[in-house]
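Take a look at the structure set out below.
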Amino acid sequence: MEQVEHIYINGRFTLPQGEERLTLHNPCTGEAVTQVRLASTADLEEAVAAAVSAFPAMARTDLDQRAAYLLALQQAVAARKEELVAVTVDEYGGPVSGVRARFDFALNSFTHAIQVMGEYPFERSVGAAVVQDIPLGVVGIITPWNSSHGFICNKLAMAIASGSTAIIKPSELSARQTQLLLECFHQAGLPDGVFNVINGRGAEVGAAMVRHPEIAKISFTGSSAVGKQIVRDGADTMKRVTLELGGKSANILLPDVDLNGAIPLALQIAFNNSGQACLAGTRLLVPRQRLAEVERGVLTALPRVAVGHPWDEQVYIGPMVNESQYQRVQAYIHKGMAEGARLLAGGAGRPEGMTQGYFVRPTIFTEVSNQMSIAREEIFGPVLCIIAYDSVEEAIRIANDSPYGLHAYVSSTDEQHARDVAAQLQAGRVCINGWRHEPLAPFGGFRQSGLGREFGIEGLRVYLEPRVLL
Ligand code: NAD
């Protein structure tokens with residue numbers, strides 16, 4: 001079994017004081033494959049000390065120096081692309097084509113940070129005052145397992161662009177991915193203590209980071225439940241927080257939609273990253289008069305969405321990350337049936353012919369009411385709910401009637417109509433007639449999908465605090 005032993009503090013790989021070991025399983029087989037030694041809160045104290053002592057020099061660096069650090073990190077990560085892709089596919093089970101695309105996102109986050117930093121007005125005049133946006137101090141970065149490299153690279157890039165130092169606590173489930181990324185970061189040769197990385201349990205080490213008085217800010221991506229806990233735990237130290245949380249995004253097909261394009265797109269955005277994606281469009285809102293047509297179209301298109309081994313280039317849906325995620329999806333499928341939704345495709349259990357691993361059947365419920373828990377709660381697996389609406393006003397109301405507000409999608413042959421509908425949606429991002437990403441535009445959610453924004457100017461601002469000179 002592979003052992004992940006080390007954490008990274010003050011420029012060195014080091015054995016943690018914590019001795020607990022967590023076993024990780026191959027998502028395709030269920031076989032135990034990795035043991036990760038977890039850090040403890042004593043390790044966190046060392047990481048904090050290193051980040052605190054590295055901060056004054058880091059805060060004094062000019063933009064050229066920060067750009068040099070960011071480019072060094074990018075080059076070191078780029079040099080090991082194939083290994084980083086491979087470890088992600090093996091450890092997490094993400095289908096390889098999607099993992100490659102997300103790797104590019106991770107890599108580009110360094111150059112985007114340089115661009116944003118170059119355009120940012122760090123110092124400006126306001127009336128008689130000079131306003132200086134200065135780095136916050138030590139930043140705590142806490143990430144989930146579903147796109148580990150992307151989240152770590154993007155958050156660290158922005159912390160460095162701001163002149164802050166960082167402590168990163170990745171998900172316990174991405175230990176091998178983190179270890180390899182760390183080797184790249186180490187190769188970049190940044191000053192000791194600028195970034196420190198500790199594996200550890202969220203409820204122990206993550207929570208201790210959130211409460212720590214010498215950590216100024218937490219940048220978190222993960223579930224809304226943990227996001228709320230972070231707000232509570234951070235209150236005593238008035239922690240600055242950026243929270244990128246869950247979603248239950250609506251995909252509205254307007255009455256005049258061209259289903260030939262819209263249905264394959266709907267499956268693609270619902271089942272992206274095997275359905276383990278915060279921005280998945282998991283509520284498909286369709287005009288009631290076209291419901292039967294949509295159902296037929298979905299049944300025709302679904303077999304083209306391949307489920308299988310993540311190394312197969314044709315596969316779009318791989319296994320769930322672990323046993324508990326597999327069980328969570330199964331439980332929601334049972335719940336959907338118990339709530340009275342009609343199962344159009346898929347269902348409980350593994351796909352036909354699969355006898356091991358955390359593979360689930362891509363599942364489509366129709367005749368779903370927006371009040372059912374399968375329509376309100378984030379499932380984080382390949383489960384799509386079709387909800388019929390009687391008027392466009394009702395579609396907008398349903399789309400906005402959600403605890404979440406991360407993302408939305410609108411399709412219509414009349415683009416202006418789609419834009420008018422988009423303008424009435426409470427979501428951090430709305431894609432019209434397609435699915436696009438703009439890494440320089442702010443990303444984040446309304447309501448329980450988060451607090452604050454990442455990416456672009458807004459993404460840098462949240463690592464800074466204004467100081468006024470008069
Ligand atoms: P999670 O919330 O369980 O864990 C995320 C991280 O938080 C892990 O590193 C974990 O160890 C840590 N953690 C757990 N408890 C903690 C605590 N009390 N204090 C501090 N840290 C703690 O999420 P997950 O299961 O790893 O990831 C899936 C979730 O992430 C989904 O809800 C998904 O929607 C969300 N997500 C959001 C975005 C976005 O950009 N909005 C992107 C990807 C994933």
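Each ligand, and each atom within it, is numbered from 1 in the order the structure gives. Treat the numbers as computed from the prediction; the structure is a model and nothing was measured.
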(message) I need the nearest protein heavy-atom contact for atom 12 (C) of ligand 1: residue, atom name and distance, please.
(response) I142 CG2, 3.6 Å

(message) Less than 4.0 Å from atom 36 (N) of ligand 1, is there any heavy atom belonging to the protein?
(response) yes

(message) Students should be able to answer this: which protein heavy-atom is nearest to atom 9 (O) of ligand 1, and at what distance?
(response) T143 O, 2.8 Å

(request) Find all atoms of ligand 1 within a distance of less than 4.0 Å from any non-hydrogen atom belonging to C278, and give their numbers and elements. (result) 34 (O), 36 (N), 37 (C), 38 (C), 39 (C), 40 (O), 41 (N), 42 (C), 43 (C), 44 (C)

(message) Just to confirm my output: which protein heavy-atom neighbour is closest to atom 7 (O) of ligand 1, and how far is it?
(response) F220 CE1, 3.2 Å

(message) Could you check whether E5 pairs with R21 (Lys NZ or Arg NE/NH1/NH2 to Asp/Glu carboxylate O, under 4.0 Å)?
(response) yes

(message) Show me which atoms of ligand 1 lie under 4.0 Å from any heavy atom of N146.
(response) 43 (C), 44 (C)

(request) Could you tell me the residue and atom name of the protein heavy atom closest to atom 14 (C) of ligand 1, and the distance to it rounded to 0.1 Å? (result) G202 CA, 3.5 Å

(message) Please list the nearest protein heavy atom to atom 10 (C) of ligand 1 with its residue and the distance rounded to 0.1 Å.
(response) E172 OE1, 3.7 Å

(request) Show which atoms of ligand 1 fall inside a sub-4.0 Å distance from at least one heavy-atom site of P170. (result) 9 (O)

(request) Report the part of E378 (side chain from C-beta onward, or backbone N, CA, C, O) that has a heavy atom under 4.0 Å from ligand 1; answer both or neither where that applies. (result) side chain

(message) Do the side chains of R37 and E20 get close enough for a salt bridge, i.e. N-O under 4.0 angstrom?
(response) no

(message) I'd like to know if E323 and R328 make a salt bridge, using a cut-off of under 4.0 Å between side-chain N and carboxylate O.
(response) no

(message) Looking only at the side chains, is there a donor atom on one of R176 and Q179 sitting less than 3.5 Å from an acceptor on the other?
(response) no

(message) What protein heavy atom lies closest to atom 25 (O) of ligand 1? Include the residue and the distance to one decimal.
(response) W145 NE1, 2.9 Å

(request) Considering heavy atoms of the protein only, find what lies nearest to atom 23 (O) of ligand 1 and give residue, atom and distance to 0.1 Å. (result) S223 N, 3.5 Å

